[in-house]
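Taking it in order: structure first as structure tokens, then the write-up.
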Amino acid sequence: MNSDLQCKKLTAAGTVFDGPGRVVSVFSHTQASGSFQLRDGGASGTILLDIDLPNAETNSFFLGGNGLRFNSSIYLAGTNLVSVTVCWG
């Protein structure tokens with residue numbers, strides 16, 4: 001795994017990174033109950049991570065080992081999100 005991490009904050013659904021990578025952590029903030037998904041390959045790609053979020057919370061998710069591998073691109077989808085920051089290498 002590359003030791004150079006990158007992070008991107010999104011406030012709506014969209015592409016995190018248009019290329020392969022390994023997600024190592026995700027930080028989320030909601031004002032109401034919601035969820036987010038990380039997909040490999042765009043808006044209709046394979047869901048690799050699907051998390052339900054409690055009401056008005058800030059959460060941190062650290063993915064162990066070498067992270068979660070995305071082969072083509074990293075895409076964020078979700079509901080009731082204020083912001084999500086995804087870190088990958």
Side-chain angles (χ1 to χ4, degrees):
M1 183 170 152
N2 189 343
S3 63
D4 295 328
L5 292 180
Q6 301 177 61
C7 295
K8 183 174 181 179
K9 179 180 178 180
L10 290 97
T11 57
T15 300
V16 175
F17 180 67
D18 191 16
R22 291 184 178 273
V23 172
V24 294
S25 60
V26 181
F27 307 92
S28 66
H29 179 66
T30 59
Q31 287 185 342
S33 295
S35 65
F36 73 85
Q37 302 81 39
L38 291 178
R39 295 174 176 260
D40 186 3
S44 61
T46 303
I47 297 171
L48 298 185
L49 185 65
D50 189 358
I51 302 286
D52 291 324
L53 301 166
N55 188 28
E57 292 282 336
T58 300
N59 295 282
S60 303
F61 304 93
F62 299 97
L63 306 176
N66 289 328
L68 189 58
R69 173 78 177 154
F70 290 74
N71 293 313
S72 60
S73 66
I74 304 167
Y75 184 87
L76 171 75
T79 58
N80 293 331
L81 299 172
V82 173
S83 67
V84 174
T85 301
V86 179
C87 298
W88 73 95

Inset, instruction - For W88 and K8, run side-chain contact (heavy atoms from CB on, under 4.5 Å): C-alpha distance rounded to whole Å, both residues' side-chain angles, the deciding distance at 0.1 Å, then the answer. - result: CA-CA 9 Å; W88 73 95; K8 183 174 181 179; 3.8 Å; yes

Legend entry - Chi angles and distances behind the side-chain contact (heavy atoms from CB on, under 4.5 Å) call for F27, C87: CA-CA 9 Å; F27 307 92; C87 298; 4.1 Å; yes

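Identified under the side-chain hydrogen bond (donor to acceptor under 3.5 Å, both in side chains) test for residues 35-45, with sequence neighbours left out: S35-Q37, S35-T79, Q37-D50, D40-S72.
By the criterion of side-chain heavy atoms lying less than 4.5 angstrom apart, applied directly or through intervening Ile, Leu, Val, Met, Phe, Trp or Tyr residues, L10 is grouped together with V23 in one hydrophobic cluster. L38 and Y75 sit in two unconnected hydrophobic clusters of ILVMFWY residues. Membership requires side-chain heavy atoms under 4.5 Å apart, directly or through other members. Follow the hydrophobic side-chain contacts under 4.5 Å out from L63 and you reach F36 in the same cluster. Connection of L48 to L81 is established within a shared hydrophobic cluster, with ILVMFWY side chains joined at heavy-atom distances below 4.5 Å, either directly or through further cluster members.
Under the 3.5 Å distance criterion, the side-chain polar atoms of T46 are left unmatched by any main-chain donor or acceptor of G41.
Nearest heavy atoms, A13 versus A77: CB-CA, 4.1 Å. When all heavy atoms of T85 and C7 are compared, the closest pair comes out as CG2-CB, 4.2 Å. Here the shortest heavy-atom pairing between V86 and V84 reads CG2-CG1, 3.9 Å. Between R22 and G67, the shortest heavy-atom contact is NH1-O, 4.0 Å. Shortest non-hydrogen contact noted between A12 and L76 is O-CD2, 4.1 Å.
In this structure, CD1 in I74 is found 11.5 Å from CG in L49, a value given to the nearest 0.5 Å.
Within a 6.0 Å sphere centred on CD of Q31, other residues, nucleotides and ligands contribute 12 heavy atoms or fewer.
With L53 as the fixed residue, the side-chain contact (heavy atoms from CB on, under 4.5 Å) test singles out one of T30, T58, N80: T30.
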